[in-house]
Novice: 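Got a structure for you, written out below as structure tokens; questions coming shortly.
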Amino acid sequence: MTTADPQRPTEGAGGTTNDQPPMAKAYDPRATEDRVYQFWETRGYFKGEIPEPGSAKAAREPFCIIMPPPNVTGELHIGHALTDTVEDILTRWHRMLGDPTLWLPGIDHAGIATQNVVEKQLAKEGLSRHDLGRDEFEKRVWQWVHRYRPIISNQHRRLGASADWSNEVFTLDDGPQSAVRVTFKKMWDDGLIYRGERLINWCPRCQTAVSDLEVDHEEQQGSLWYIRYPVVDGKDADGAPHLTGEHLTVATTRPETYVGDTAVAVNPKDARYTDWIGRTVMLPVIQREIPVLADEAIEMEFGTGAVKVTPGHDPTDFEIGQRHNLPIVNVMNKDATMNAQAGPYDGMDRFEARAMMLRDLEELGYLEKTEPHTLQVGTCSRCGTIIEPLMSWQWFVKMKPLAQPGIDVVRDGKIKFVPDRFERIYLNWMENIRDWCVSRQLWWGHRIPVWYSADDDGDKIIVTFRDPDGEATDPPRVATYNELRADGVSHETIIRHATWSGVDATPIVAIDTPERSPKGGGHLLQENDVLDTWFSSGLWPLSTLGWPGQTPELAYWYPTSVMETGYDIIFLWVSRMIMLGIYHTGDVPYSTVYLHGTVRNEQGKRMSKSLGTGVDPLDVVEKYGADALRYTLITSSGAGGDMKLSDQRLEAGRNFANKLWNATRFVISMIGEQTVELFEFDAKGQTANRKGATKTDNRRQTTDGEQTSNRQRPTANSHLPVEERWIISRVEGLARSVDEQLRKFELGEAAKQVYEFVWSEFADWYIEIAKIRVRDEQSTAPSPLPVLAYVLERSLRLLHPVMTFVTEELWQALVQKIDGIDDEALIVAGFPRGESGFTDAAAEREMETLIDVVRAIRNIRAEKKVEPGKFVEAYIVADAARPGVRALLDAGAPYIETLARARPLHIVDAIADAPRDQVATAVLDGVTAVVPLAGLFDVEAERTRLNKQIAEAEAEAG
RNA sequence: GGGCGAUUGGCUCAGUUGGUUAGAGCGUCUCGCUUACACCGAGAAGGUCGCAGGUUCGAGUCCUGCAUCGCCCACCA
């Protein structure tokens with residue numbers, strides 16, 4: 001690179017050619033990141049392109065990650081930064097390996113969550129969604145979407161995400177819409193979707209059904225109430241129930257539902273109650289008679305052993321009811337107020353009713369006792385409201401047939417989880433899977449592709465109508481479709497201002513909106529409900545690639561490589577993608593599931609906006625730089641592990657970026673105004689300067705994979721200084737290790753290894769020695785600059801997937817000083833896999849010895865409080881038992897002299913050649929360092945110091 | 001009620017298949033503004049790897065039990 005490319009990111013920021021300003025003394029991410037990102041993006045490096053058939057690239061295995069689409073509800077949080085970091089590392093790594101690479105981003109419409117935030121916004125204006133009507137409300141939500149989509153994309157960019165923005169997908173785009181409809185239709189035709197009245201989880205606040213997975217279980221301190229049910233035996237003369245005076249006591253945590261009881265159950269094995277089975281008891285106050293029956297599900301130990309059975313409001317009771325053919329009495333409205341079935345409690349809120357009932361029962365002597373009791377309360381994961389099990393007509397997906405193939409592929413290893421312990425968790429859930437309630441009574445989402453024929457079955461369509469013009473009818477008018485039409489309400493008005501239920505109507509399931517009913521009626525009403533957001537999410541790996549179209553993208557990228565997401569959505573999302581992926585294609589959606597943990601704050605609290613413990617990733621980027629954040633996130637925990645994010649760790653990341661910056665700055669300044677030629681070993685072990693190494697040359701080591709490791713490069717480069725043989729051996733070893741770690745998804749470990757190498761080996765030792773050589777004007781040894789540049793350049797490549805901005809910036813500057821590297825940018829430069837031919841175990845051991853000698857002398861100096869600037873005389877004894885060590889010491893003498901400030905330095909062959917009195921000695925591997933102490937320090941002063949230390953120690957011991 | 005994870009120097013964590021003196025960052029102590037970096041350099045202190053057993057020539061690393069914390073799943077009303 002002799003000509004600075006004007007588009008390169010170094011322009012204006014500390015480039016290195018004569019006409020460019022010098023690099024800043026400290027790395028400033030803010031002066032770099034946006035510019036580097038723009039450089040990448042405008043050059044199109046993120047674009048996931050299908051290679052030309054027959055090209056070299058086409059022979060390589062494609063790598064594809066579909067990004068988990070963040071909710072459009074708001075801005076990204078720190079968990080997204082972790083997602084981006086992991087996925088970007090994998091993507092960049094594969095891109096550098098030369099693989100065809102696609103990281104496909106998207107955004108999720110997040111039905112219930114987004115509807116909630118927009119409703120909150122409306123509430124501030126004093127409006128509800130019903131004031132707007134469905135169409136207007138949807139428009140408002142779209143406004144929200146248009147506002148947040150660019151914000152979210154921009155946040156990803158600030159984090160350095162190299163995703164293919166040109167293909168970003170939204171879950172309500174036409175493609176995913178079509179995917180959803182095709183799936184629904186196919187499932188319907190296959191008998192996998194049904195509509196039915198079941199006991200579902202109802203959120204009285206969100207006014208919708210939610211699935212089992214969207215219910216959180218909170219432990220609460222509550223009470224266990226013991227209620228007496230009087231026994232009835234026949235009728236009195238006046239026809240009134242005859243009370244025997246006995247009673248049966250049941251224990252309950254939900255007394256307000258007793259008005260919906262249709263039985264009392266006991267365990268058939270419970271001797272206490274054998275005689276009670278078949279008798280009749282009466283509900284207090286409302287005076288309904290119900291039977292006592294036996295059911296295995298009853299725990300004898302709990303409460304009194306007798307349980308009130310409320311099939312309409314409790315899942316267990318529902319099942320008992322099914323077994324015994326009990327009637328279902330629904331006592332609540334959708335807003336969790338009591339209905340007419342609750343008699344005198346009609347219209348009261350469920351908890352208000354509870355208080356009233358308990359008071360009444362107590363007054364009438366039916367409340368036997370109250371015990372404190374901790375219980376699990378189901379709450380809505382979106383709003384925290386206590387969930388109510390309610391009977392309701394909903395759409396369900398039959399899961400068992402879908403689950404089995406999803407179980408098999410994991411058992412057979414076609415999909416692997418990282419870490420693998422999550423496979424068991426996944427399998428356990430899949431094996432016990434239950435049907436999925438997919439309908440939501442929301443306005444925002446994929447509307448269920450079902451229509452009812454209003455004309456043909458008009459008398460069966462029940463419409464709940466809010467008069468748009470006159471007074472808001474409250475309660476809304478309930479009528480059949482035809483009744484409304486007869487009253488002059490137009491079809492359009494009904495569509496806009498009513499909700500309806502096609503309970504008894506035949507659903508017309510279709511992919512495209514049907515024109516008319518098959519029976520010939522003209523007016524169709526589409527199902528009100530929308531689908532659970534996770535229904536469309538489950539199709540994500542397909543729909544993002546163009547399915548149901550048979551697109552080239554789908555053919556090429558599917559199945560994708562890695563699904564990377566949080567372990568908290570294995571069931572909600574991962575499992576459904578697997579099931580639906582196999583259902584549609586017969587093939588898995590991805591071969592690896594990489595799961596990351598939860599990011600917590602320094603107190604270990606989950607980062608959450610609602611808790612006020614959220615951290616805006618952009619604030620962190622602003623303060624420490626994106627690279628620091630990425631480094632910290634990836635090194636703070638392994639796969640599946642939770643982590644605490646702290647300022648201290650972020651500082652460590654920032655400092656590392658700065659270290660890299662300064663090391664590179666120094667190397668560049670040492671090279672000065674010239675350039676160095678690309679260092680390479682040639683076949684004879686000479687340092688060769690090969691001009692014009694082509695791009696293919698440069699990538700050779702990565703494109704033919706392991707093959708290169710077998711090229712037996714010469715290692716006994718005895719003419720090369722030991723530190724060069726050492727550092728080259730180390731950097732190639734590092735590359736092999738990093739490659740291995742990345743393959744095992746040990747991303748943090750890979751990053752830490754580069755950190756260790758760059759800081760503790762390259763900067764601390766190789767640069768320091770190189771300085772000595774460069775400054776030694778008498779030296780006849782070859783210049784260390786080619787090796788210096790080579791090792792640094794390799795290190796930048798190895799680190800680029802993690803610390804993406806600073807490495808690109810530095811690489812661009814460094815490469816201008818090196819002839820023979822033609823890669824146009826680090827992001828697309830080859831990723832080193834390690835040249836095993838450069839391994840030089842002897843050099844590694846020798847260098848270690850030199851380092852140990854320096855450390856030993858430094859240690860002695862520090863121990864003896866030798867003034868920092870002062871040189872000490874030292875003897876280094878080469879042990880005859882270690883061959884070659886004398887030569888090593890002779891060669892290394894100048895470094896020892898400078899680095900340990902040891903001069904005059906005597907290299908001797910026998911301990912006898914060194915003084916024995918008043919010396920400090922360090923015995924090392926085949927080497928002994930001897931430092932004469934005479935005159936090094938003031939004996940009296942030292943004595944005083946030591947005495948003082950003793951006194952302090954004694955005082956402390958006392 | 002099941003299951004999983006964690007328990008390593010003051011703090012936060014690494015330690016992947018059991019093998020030489022258990023590592024890092026931050027903090028602490030002693031020095032040092034030496035021409036890459038004080039977002040730095042040199043040196044040092046600090047851990048019987050939760051507890052109790054067991055397997056092994058050898059265990060932080062495997063097995064058993066226990067304890068504490070966290071998470072997930074589960075129809076004890």
Side-chain angles (χ1 to χ4, degrees), chain A residues 23 25-28 199 212-213 217 224-225 250-255 257 264-265 297-310 313-320 373 375-376 389 419 421-422 424-425 428-429 432 567-568 570-571 597-598 600 602 604 606 624-625 628 632 635-670 740-741 744-746 748-749 752-753 755-756 759-760 763-764 767-768 771 775 854-855 858-863 865-869 898-901:
Chain A
M23 290 168 71
K25 205 172 168 188
Y27 173 56
D28 180 8
L199 197 63
D212 295 340
L213 290 171
H217 295 277
L224 190 60
W225 288 280
V250 299
T252 181
T253 56
R254 298 213 54 196
T257 64
V264 169
I298 309 304
E299 299 283 333
M300 293 187 273
E301 293 74 28
F302 190 89
T304 61
V307 180
K308 63 191 272 306
V309 181
T310 325
H313 294 276
D314 182 279
T316 314
D317 293 3
F318 179 80
E319 282 171 24
I320 296 174
H373 182 71
L375 68 158
Q376 297 286 320
R421 65 170 184 273
F422 288 112
R424 284 178 53 202
I425 293 172
N428 181 55
W429 187 79
N432 297 294
Y567 64 69
D568 51 332
I570 293 173
F571 310 142
T598 307
R600 297 166 191 281
E602 284 177 69
R606 201 187 191 91
Y624 298 100
T632 304
T635 56
S636 288
S637 176
D642 292 353
M643 69 186 76
K644 292 180 192 170
L645 188 69
S646 71
D647 283 338
Q648 287 180 349
R649 294 200 78 121
L650 289 164
E651 277 171 23
R654 178 200 59 186
N655 294 353
F656 183 41
N658 189 242
K659 186 73 181 182
L660 216 51
W661 176 269
N662 276 293
T664 307
R665 184 162 73 101
F666 184 60
V667 169
I668 288 171
S669 77
M670 284 215 282
E740 198 185 319
Q741 301 299 335
K744 290 193 293 187
F745 291 95
E746 298 277 355
E749 188 54 31
K752 279 191 269 193
Q753 284 178 5
Y755 177 103
E756 275 302 309
W759 205 308
S760 308
D764 285 355
I767 290 185
E768 291 306 316
K771 278 184 196 171
R775 283 167 196 158
V854 171
R855 287 206 169 120
R858 282 174 175 174
N859 191 322
I860 290 167
R861 295 175 57 106
E863 277 296 288
K865 303 280 167 204
V866 176
E867 279 176 54
T898 305
L899 297 174
R901 294 200 161 252

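Residue numbers start from 1 in every chain, and the chains themselves are labelled A, B, ... in the order their sequence lines are given, proteins ahead of strands.
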Novice: Measuring only the P atom in each nucleotide, how far is B:A44 from B:C71? A whole number of Å is fine.
Specialist: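 42 Å, rounded to whole Å.
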Novice: Does A:Lys25 make a side-chain donor-acceptor contact with the base of B:A36, cut-off 3.5 Å?
Specialist: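 There is none.
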Novice: Please measure how far the P atom in B:G19 lies from the corresponding atom in B:U34, and state the result in whole Å.
Specialist: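 Straight-line distance between the two P atoms is 45 Å.
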Novice: With respect to the side chain of A:Ile298, which nucleotide from B:C75, B:C39, B:A77 is positioned closest?
Specialist: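 Closest nucleotide among those given: B:A77.
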Novice: Among B:C75, B:A77, B:A36, which is the nearest nucleotide to the side chain of A:Glu299?
Specialist: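 Closest nucleotide to the A:Glu299 side chain: B:A77.
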Novice: For A:Ala862 and A:Gln741, take the nucleotide of RNA chain B holding the closest heavy atom to each; which residue's nucleotide lies nearer the 5' end?
Specialist: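 Counting from the 5' end, the first nearest nucleotide belongs to A:Gln741.
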Novice: Check for a donor-acceptor pair, side chain of A:Arg421 on one end and backbone N or O of A:Gly640 on the other, with a separation under 3.5 Å.
Specialist: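 A pair under 3.5 Å: yes.
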Novice: Taking only the P atom of each, what is the distance from B:A52 to B:C13 in whole angstrom?
Specialist: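 Comparing P positions in B:A52 and B:C13 gives a spacing of 24 Å.
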Novice: Please give me the minimum heavy-atom distance between A:Glu768 and A:Asp764, naming the atom from each residue.
Specialist: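 The answer is CG-O, 3.1 Å.
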Novice: Please report the distance separating the C1' of B:U64 from the corresponding atom of B:A24, rounded so that it comes out in whole Å.
Specialist: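 33 Å, rounded to whole Å.
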Novice: Let me check I have this right: for RNA chain B, each base becomes ., (, ), [, ] or |, based on Watson-Crick or G-U pairs with both distances under 3.5 Å. What is the full string?
Specialist: ((((((((.[[[[.)...(...]]]].(((((.......))))).....[[[[[..)....]]]]])))))))....
Novice: I want to check one thing: is the phosphate of B:G41, taken as OP1 and OP2, less than 4.0 Å away from some side-chain N or O of A:Lys659?
Specialist: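 For A:Lys659, the contact criterion (side-chain N or O under 4.0 Å from OP1 or OP2 of B:G41) is met.
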Novice: Picking from B:A77, B:C75, B:A36, which would you name as closest to the side chain of A:Thr316?
Specialist: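 Of B:A77, B:C75, B:A36, B:C75 is nearest to the side chain of A:Thr316.
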Novice: Any donor and acceptor pair, going by atom type alone, linking the side chain of A:Asp642 with main-chain N or O of A:Thr598 inside 3.5 Å?
Specialist: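 Checked: pair present.
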Novice: Taking only side-chain nitrogens and oxygens of A:His373, does any of them come within less than 4.0 Å of OP1 or OP2 of B:A77?
Specialist: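 True: A:His373 side-chain N/O within range (under 4.0 Å) of B:A77 OP1/OP2.
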Novice: Between P on B:U35 and CZ on A:Arg775, what's the gap in Å once rounded to a whole number?
Specialist: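 A:Arg775 atom CZ is separated from B:U35 atom P by 9 Å.
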Novice: Measure CD/A:Glu863 against P/B:U30 and give the value in whole Å, please.
Specialist: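 About 15 Å, once rounded to whole Å.
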Novice: Round to the nearest Å and state the distance from A:Tyr755 atom OH to B:G25 atom C1'.
Specialist: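 From A:Tyr755 OH to B:G25 C1': 6 Å.
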Novice: With a non-hydrogen cut-off below 4.0 angstrom, is A:Arg421 in contact with a base, only sugar-phosphate, or nothing?
Specialist: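 Sugar-phosphate only.
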Novice: Taking only N and O in the side chain of A:Arg424, is any of them less than 4.0 Å away from OP1 or OP2 of B:C4?
Specialist: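 Result: yes.
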Novice: Over all strands shown, is A:Glu867 touching base, sugar-phosphate only, or nothing at heavy-atom distances under 4.0 angstrom?
Specialist: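 Contact class for A:Glu867: none.
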Novice: If you check the A:Asn655 side chain, which of B:C75, B:A77, B:C40 turns out closest?
Specialist: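 Nearest to the side-chain atoms of A:Asn655, counting from C-beta on, is B:C40.
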Novice: Without swapping roles, check the side chain of A:Arg858 against the backbone of A:Leu899 for a donor-acceptor pair under 3.5 Å.
Specialist: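 Yes, A:Arg858 side chain to A:Leu899 backbone: donor-acceptor pair under 3.5 Å.
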Novice: Assign A:Glu746 to base, sugar-phosphate, or nothing according to its heavy-atom contacts below 4.0 angstrom with the strands shown.
Specialist: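 The answer is base, as A:Glu746 lies within the cut-off (heavy atoms under 4.0 Å) of a base atom.
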Novice: Has the side chain of A:Asn432 got a donor or acceptor atom that lies under 3.5 Å from a matching backbone atom of A:Asn428?
Specialist: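 Answer holds: yes.
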Novice: Taking only the C1' atom of each, what is the distance from B:C39 to B:G2 in whole angstrom?
Specialist: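 Straight-line distance between the two C1' atoms is 50 Å.
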Novice: Mind listing the closest non-hydrogen atom pair of A:Asn658 and A:Lys25 along with its distance?
Specialist: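 Of all heavy-atom pairs spanning A:Asn658 and A:Lys25, the closest is ND2-O, 4.4 Å.
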Novice: Heavy atoms only, 4.0 Å cut-off, all strands: where does A:Phe571 land among base, sugar-phosphate and nothing?
Specialist: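 Since only primed, P, OP1 and OP2 atoms lie under 4.0 Å of A:Phe571, the category is sugar-phosphate.
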Novice: Which part of the nucleic acid does A:Ala663 contact within heavy-atom distance under 4.0 Å: base, sugar-phosphate only, or nothing?
Specialist: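 Base, at least one base atom sits under 4.0 Å.
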Novice: Nearest-Å distance, CD (A:Gln648) to P (B:U12)?
Specialist: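 Computing the A:Gln648:CD to B:U12:P distance gives 10 Å.
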Novice: Just compare B:C73, B:A36, B:A77 and give me whichever is closest to any side-chain atom of A:Phe302.
Specialist: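 Closest nucleotide to the A:Phe302 side chain: B:A77.
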Novice: In sequence, state the C-alpha distance, the side-chain angles, and the governing distance for A:Ile298 and A:Ile320, and then conclude on side-chain contact (heavy atoms from CB on, under 4.5 Å).
Specialist: CA-CA 10 Å; A:Ile298 309 304; A:Ile320 296 174; 3.9 Å; yes
Novice: Please measure how far the P atom in B:A22 lies from the corresponding atom in B:C26, and state the result in whole Å.
Specialist: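 Nearest-Å result for B:A22 against B:C26 at atom P: 22 Å.
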Novice: Under 4.0 Å, counting only non-hydrogen atoms across every strand here, what does A:Lys752 touch: a base, just sugar-phosphate, or nothing?
Specialist: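 It contacts sugar-phosphate atoms only.
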Novice: Between B:C73 and B:G60, how far apart are the two P atoms, rounded to whole Å?
Specialist: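 It comes out at 36 Å once rounded to the nearest Å.
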Novice: Nearest whole Å is fine: how far is B:A6 P from A:Lys644 NZ?
Specialist: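 Those two atoms, NZ and P, are 15 Å apart.
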Novice: Whether A:Asn662 contacts B:C39 is assessed here as follows: a side-chain N or O lying under 4.0 Å from the phosphate OP1 or OP2. Is that the case?
Specialist: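 Answer no for this pair, as no side-chain N or O of A:Asn662 is under 4.0 Å from OP1 or OP2.
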Novice: Could you check whether any side-chain N or O of A:Asn859 sits under 3.5 Å from a backbone N or O of A:Arg855, counting only pairs where one atom can act as donor and the other as acceptor?
Specialist: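 The answer is no, because no donor-acceptor pair under 3.5 Å joins these two groups.
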Novice: Reckon A:Pro315 touches a base, only the sugar-phosphate, or nothing at all at heavy-atom distances under 4.0 Å?
Specialist: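 Nothing, no heavy atom under 4.0 Å.
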Novice: Could you tell me how far B:C72 sits from B:G47 if I compare only their C1' atoms? Round to whole Å.
Specialist: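 After rounding to an integer number of Å, I get 33 Å for this pair.
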Novice: Centre of A:Phe666's six-membered ring, under 6.0 Å away, within 45 degrees of the axis: is that where NZ or CZ of A:Lys771 sits?
Specialist: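 That pair qualifies as a cation-pi contact.
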Novice: Nearest to the A:Pro868 side chain among B:C31, B:A36, B:U30, which nucleotide is it?
Specialist: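 Side chain of A:Pro868 sits closest to B:C31.
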Novice: What integer distance in Å separates A:Ile668:CD1 from B:A36:P?
Specialist: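 A:Ile668 atom CD1 is separated from B:A36 atom P by 14 Å.
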Novice: For A:Arg654, which contact category applies under a 4.0 Å heavy-atom criterion: base, sugar-phosphate, or nothing?
Specialist: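 Counting heavy atoms under 4.0 Å across all strands, the contact made by A:Arg654 includes a base.
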Novice: Between C1' on B:G15 and CD on A:Glu756, what's the gap in Å once rounded to a whole number?
Specialist: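 After rounding, the gap between these two atoms is 13 Å.
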Novice: Mind checking what makes side chain to side chain donor-acceptor pair (under 3.5 Å) contact with A:Arg861, not counting sequence neighbours?
Specialist: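 A:Arg861: no side chain to side chain donor-acceptor pair (under 3.5 Å) contacts found.
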Novice: Are any side-chain N or O atoms of A:Thr635 and backbone N or O atoms of A:Lys752, one a donor and one an acceptor, separated by less than 3.5 Å?
Specialist: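 A pair under 3.5 Å: no.
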Novice: How many whole angstroms separate atom CG of A:Asp647 from atom P of B:C13?
Specialist: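 Between P of B:C13 and CG of A:Asp647: 15 Å.
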Novice: B:A36 base to A:Glu768 side chain: any donor-acceptor pair below 3.5 Å?
Specialist: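 When only heavy-atom distances are counted, A:Glu768 does reach the base of B:A36 through a donor-acceptor pair under 3.5 Å.
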Novice: So, is A:Trp759 near the phosphate of B:G41, with a side-chain N or O under 4.0 Å from OP1 or OP2?
Specialist: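 Checking A:Trp759 against B:G41: at least one side-chain N or O falls below 4.0 Å of OP1 or OP2.
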Novice: Can you tell me if the side-chain N/O atoms of A:Asn859 get under 4.0 Å from OP1 or OP2 in B:A44?
Specialist: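 Result: yes.
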Novice: For A:Ala657, answer base if it contacts any base atom (sugar-phosphate contacts may also be present), sugar-phosphate if it contacts only those atoms, and nothing otherwise; contact means non-hydrogen atoms under 4.0 Å.
Specialist: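 No contact.
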Novice: I want to confirm an ordering. Mapping A:Gln753 and A:Arg855 to their closest nucleotides on RNA chain B, which one lands closer to the 5' end?
Specialist: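 Its nucleotide being nearer the 5' end, the pick is A:Gln753.
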